[in-house]
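Below, each value reflects all heavy atoms present in this structure, side chains not excepted, and no hydrogens, waters or symmetry copies. Positions are given from 1 along the sequence.
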Amino acid sequence: MNEKERQIISELRKDAQASLSSISQNVHMPLSTIYDKINRFHREEVIKKYAVLVNFSKLDLHHQTQLAIRVAKPSKGSLLLYMQKNLAINSIHEINGGFDFLVETVHHDVKEYLAFVEELKERFEILELHSYQIVKEVEREKFI
């Protein structure tokens, strides 16, 4: 990927709704070229989807947590399915380093979060769970 293509991606990451003409002006590239490159990014799955970054506190979701979870092998598949369907889970990553998943959760408050963790422990054979409360988001989706 060349520098101009990185700039196009950067413009879309700043604002996925940016017009092609504004991207063209900011990157100093013809509008038709911008259009062609973005279409190619879609075909090659460089751009997987457009998403909205949510200010969770504006939705009365004041408790965000990152969980590192290690689960018994027989429970891994069912835990993953459960997490994929659970609305309190914002992101799921399979990881290494002795854990199976790194999961970001969002809840209204600590009480709701604790009930969620208790349910995880009751339903699945959780071997280890490390919880990290997100105190303040400093930056997100910054790359490029």
Exercise for review: Evaluate the side-chain contact (heavy atoms from CB on, under 4.5 Å) criterion for residues V135 and Q64: first the C-alpha distance (whole Å), next the side-chain angles of each, then the deciding distance (0.1 Å), finally the verdict.
Suggested key: CA-CA 8 Å; V135 177; Q64 283 181 263; over 6 Å; no
message = For E45, I'd like to know if atom CD has over 12 heavy atoms of other residues, nucleotides or ligands within 6.0 Å.
response = no
Between the CZ atom in R123 and the OG atom in S78, the distance rounded to the nearest 0.5 Å is 8.5 Å
| said: Just checking F143: does its CZ atom have more than 12 heavy atoms from other residues, nucleotides or ligands closer to it than 6.0 angstrom? | reply: no
Mind checking whether I9 and L31 sit in one hydrophobic cluster, side chains of I, L, V, M, F, W, Y counted as touching below 4.5 Å?
yes
Q.
Using a strict threshold of under 4.0 Å (side-chain N to carboxylate O), is an ion pair present between R140 and E137?
A. yes
Would you say L67 ends up clustered with L102 if hydrophobic residues are merged whenever their side chains have heavy atoms under 4.5 Å apart, either directly or through other cluster members?
no
Q) Below 6.0 angstrom between ring centroids: does that apply to H63 and F56? A) no
Fill in: Hydrophobic cluster membership, I134 vs V110, 4.5 Å side-chain cutoff
no
- Task: Step by step, work out the side-chain hydrogen bond (donor to acceptor under 3.5 Å, both in side chains) result for Y113 and S131.
- Result: CA-CA 11 Å; Y113 162 74; S131 175; 2.5 Å; yes
Rounding to 0.5 Å, atoms CD (E44) and NZ (K37) come to a distance of 10.0 Å
Taking every heavy atom of H108 against every heavy atom of D60, the minimum-distance pair comes out as CD2-O, 2.8 Å
| message | Measuring only between side-chain heavy atoms, which start at C-beta, is V71 closer than 4.5 Å to L127? | response | no
Next item on the list: Look at the side chain of K4 and the backbone N and O of V27, then say whether any donor-acceptor pair between them is shorter than 3.5 Å.
Entry: yes
- Aromatic ring centroids of H42 and Y50 under 6.0 Å? yes
Fill in: CA sep, side-chain torsions, deciding dist, call: E94, K76, salt bridge (Lys or Arg N to Asp or Glu O under 4.0 Å)
CA-CA 11 Å; E94 282 197 50; K76 188 175 178 180; 3.5 Å; yes
* Asked: Do we see a donor-acceptor contact under 3.5 Å between the side chains of Y82 and E119?
  -> yes
Q: Give the intermediate values and the outcome of side-chain contact (heavy atoms from CB on, under 4.5 Å) for residues E125 and K73.
A: CA-CA 9 Å; E125 194 178 344; K73 279 197 191 298; over 6 Å; no
Hey, does the side chain of R70 reach the backbone of L129 with a donor-acceptor pair shorter than 3.5 angstrom?
no
**OP:** Give the C-alpha distance, both sets of side-chain angles, the deciding distance and a yes or no for side-chain contact (heavy atoms from CB on, under 4.5 Å) between L59 and V54.
**Re:** CA-CA 9 Å; L59 298 175; V54 175; 3.4 Å; yes
Full working for side-chain contact (heavy atoms from CB on, under 4.5 Å) between D36 and R40: CA-CA 6 Å; D36 292 341; R40 192 190 80 206; over 6 Å; no
Distance col, row Q7:CD vs L12:CG, nearest 0.5 angstrom, shows 12.0 Å
Practice item. Please check if any side-chain donor atom of H107 sits under 3.5 Å from a side-chain acceptor atom of D109, or the reverse. Key: no
Check whether any side-chain N or O of E11 sits under 3.5 Å from a backbone N or O of I8 as a donor-acceptor pair, and report yes or no. no
Which of M83, E104, Q84 passes side chain to side chain contact (heavy atoms under 4.5 Å, CB included) with I89? Answer is M83
(Q) Between S22 and S19, is there a side-chain donor-acceptor contact under 3.5 Å, judged purely by atom types and distance? (A) yes
Does the N90 side chain pair with the main chain of T105, one donor and one acceptor, at a distance under 3.5 Å? no
Query raised in the report: Can you tell me if CD on Q17 sees more than 12 non-hydrogen neighbours from other groups inside 6.0 Å?
Result: no
Test of ring centre spacing under 6.0 Å for H93 and F101:
no
Consider only side-chain heavy atoms of I, L, V, M, F, W and Y, link residues closer than 4.5 Å, and tell whether I92 and F99 are in one cluster.
no
Query raised in the report: Would Y132 and I69 show up in the same hydrophobic cluster when neighbours are defined by side-chain heavy atoms closer than 4.5 Å?
Result: no
Value for OG1 (T33) from CG (L20), rounded to nearest 0.5 Å, stands at 11.0 Å
Before you tell me yes or no, could you show the steps for S24 and S21 under side-chain hydrogen bond (donor to acceptor under 3.5 Å, both in side chains), namely the whole-Å CA-CA distance, both residues' side-chain angles and the distance that decides it to 0.1 Å? CA-CA 5 Å; S24 173; S21 62; over 6 Å; no
**Study point:** E128 atom CD: more than 12 heavy-atom contacts under 6.0 Å
**Key:** yes
So CG of N86 and CG of L81: to nearest 0.5 Å the spacing works out to 12.5 Å
